[in-house]
Amino acid sequence: MNYNFTPAATLRDVTLRDGLQLTGKLLSTEVKIATVRELLRLGVGEIELGSMARADLVPPMANTLEVAEALTPQELAHCWIWVATPGHVAKAAKAGITNFQYCLSVSDAHNQANISRTTEESLAALPEAVRYAQAVNGKIQLCLATSFTCPFDGQVPESKVLQIANDPRAEGTCDIVICDTLGQAVPAQVASLIANVRENSPQRRIVFHGHDTWGLGVANTLAAIASGAEVVDGALGGLGGCPFAPGASGNTSSEDILFATRPGWLTPEHFGELVQLSERLLAQLGEPNRSKSAQGARSKATAFEWVIPANTEPSAAG
C-alpha cells in the first residue's frame, strides 16, 4: 500500500527562490535549468523559479530571468516567480513568464523591511499588477507573508489576514498563499487560519507556505492540507529562509512533505532520485541537509523500500 495522505495536495518546490535566498551563493543558469527539468521529470507539479528582488539585495536571484528565457512555454507553465510590484510583473512577462506570485506582508513592519513600502501601498498597487498579468493571459497569486507571526510585531491576528484576503483590490488573483514566514505556528493555529480563509474569503486555491524553524513544518503542512490547502510549498533539503525576517530558517523539506503525503506519482525510485538531486545541490552550495526523510533514505535499514541502495551515490553537482 502507498498510504497516500488525503485530501491530496500538490507540492510546489521553492528551492530556486526561497530555498536559495539565505545561501548568498548564485547557482549557475545551467544548474537552475537542469534542476527545473529534473523536478518536472520526477513528477513535481509546480516550481517557484526565482524572484524579481534586486540582485544587490538578494544575490542568488540575479539570473532568474535568464533561466526563464531558456525554458519552454510548456515548462514555464509549471513555474511561478516572486514579484512585489507591477513593474516586476511587466519585466518578468517580457521574459515569457505568465505565473506571478505577488507578495506582501500582513505585518506592516515586515513589509517595510522586505519591500520598503507599507502593506497598504502594496495593496494599492495590486490591481495594476493584476492587469499586467492578465495582459499576457497570465495568473497572479496573492501571497501573504507573516500570516501568523512577525519578527518585529509578534503575533498577527487572524482578522488582519482575513481583511486582506477580502480586500476588493485582490480581485483577479487566482490563489491565496498563506505563509508561516518564521515557522512559529503550530498545527491547530494553521488549521484554524486555513479553514477561516477557506470559509470566509473569495474562493481561490489556498497555498500553504511553511518553515521548519521549530520542527513543525511537516505537521503544519498536513494540518493545512486537511483544512483545505490544495498546494503546499517545500524546498529540497529544507533550504531557505527570509533575509529580511530575523529568526526565519529553512523551508519545510520537499522530501519530508512528499514522504508524508505519498502523492500517486511518487515511487521509491523517484524519491531516491529526488534525494540525490537535493544532495548534489546542497554539496554545491555547502549547505547541510535538514531533511529527516533524506537522512532516513541513506540509513542501513535496507529492508525498507524507501531506503536508497548503499552503492547509490550522488553524482557530481552541475
Side-chain angles (χ1 to χ4, degrees), residues 12 14-26 48-62 64-65 80-92 99-130 132-133 140-157 160-161 163-165 167 169-170 173 175-185 193 207-213 233 235 239-252:
R12 176 171 63 175
V14 302
T15 304
L16 295 179
R17 201 278 298 180
D18 202 6
L20 294 179
Q21 285 190 144
L22 285 185
T23 66
K25 296 180 181 179
L26 178 66
E48 195 176 42
L49 182 65
S51 165
M52 294 301 296
R54 284 168 42 188
D56 60 326
L57 298 177
V58 190
M61 299 297 104
T64 293
L65 293 183
W80 296 88
I81 189 166
W82 184 99
V83 298
T85 69
H88 283 171
V89 178
K91 188 175 181 180
N99 295 330
F100 311 94
Q101 180 178 222
Y102 185 93
C103 194
L104 56 92
S105 302
V106 180
S107 160
D108 207 53
H110 185 260
N111 210 61
Q112 288 279 11
N114 197 33
I115 305 175
S116 300
R117 60 181 60 191
T118 66
T119 300
E120 172 58 29
E121 287 172 330
S122 287
L123 272 170
L126 178 54
E128 185 180 4
V130 171
Y132 279 134
I140 187 165
Q141 300 175 324
L142 172 63
C143 177
L144 302 183
T146 61
S147 288
F148 298 91
T149 56
C150 167
F152 312 108
D153 294 337
Q155 194 78 19
V156 174
K160 290 190 69 174
V161 179
Q163 181 181 354
I164 297 174
D167 194 297
R169 291 169 292 187
T173 56
D175 306 329
I176 184 166
V177 187
I178 303 298
C179 302
D180 182 18
T181 303
L182 297 174
Q184 294 173 338
L193 181 55
V207 183
F208 176 69
H209 178 90
H211 286 250
D212 200 36
T213 313
D233 286 352
L239 269 175
C242 176
F244 307 105
S249 69
N251 291 275
T252 306

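Atoms considered below: every heavy atom in the structure, side chains included; atoms not considered: hydrogens, waters and symmetry mates.
Once rounded to the nearest 0.5 Å, the distance linking CD of Q155 with CD of Q184 reads 8.5 Å. Note that CD of Q101 is 9.5 Å distant from OG of S51, once rounded to the nearest 0.5 Å. Atoms CG and CG, from L49 and N99 in turn, are 10.0 Å apart once rounded to the nearest 0.5 Å. A distance of 4.5 Å separates CD of Q141 from CZ of R12, quoted to the nearest 0.5 Å. To the nearest 0.5 Å, atoms CG (D233) and OG1 (T252) are separated by 9.0 Å. I176 CD1 to L142 CG: the interatomic distance, rounded to the nearest 0.5 Å, is 5.0 Å.
Proximity of a side-chain donor or acceptor of Y132 to a complementary backbone N or O of H88 within less than 3.5 Å is not detected. The main-chain N or O of T119 is found under 3.5 Å from a side-chain atom of D108 such that the two form a donor-acceptor pair.
The side chain to side chain contact (heavy atoms under 4.5 Å, CB included) test with Y102 singles out one residue from V177, V130, L123, V83, and that residue is V83. A salt bridge (Lys or Arg N to Asp or Glu O under 4.0 Å) with R169 is found for exactly one of E120, E128, E121, namely E120.
In this structure the side chain of L104 reaches within 4.5 angstrom of the side chain of I164, judged on heavy atoms. Under the 4.5 Å side-chain criterion, counting only non-hydrogen atoms from C-beta, F148 is in contact with I178. Between L182 and T213 there is no side-chain heavy-atom pair separated by less than 4.5 Å.
With no hydrogens or angles considered, no side-chain donor-acceptor pair links N114 and S105 at under 3.5 Å.
The environment of K91 atom NZ is sparse: at most 12 non-hydrogen atoms of other residues, nucleotides or ligands sit within 6.0 angstrom. Residue Q163 qualifies as open at atom CD: its count of foreign heavy atoms under 6.0 Å is 12 or below.
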Exercise. When you look at V58 and W82, which way does the side-chain contact (heavy atoms from CB on, under 4.5 Å) test go after all the steps?
Worked result: CA-CA 12 Å; V58 190; W82 184 99; over 6 Å; no
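The two residues V89 and A133 have their closest heavy-atom pair at CG1-N, 3.8 Å.
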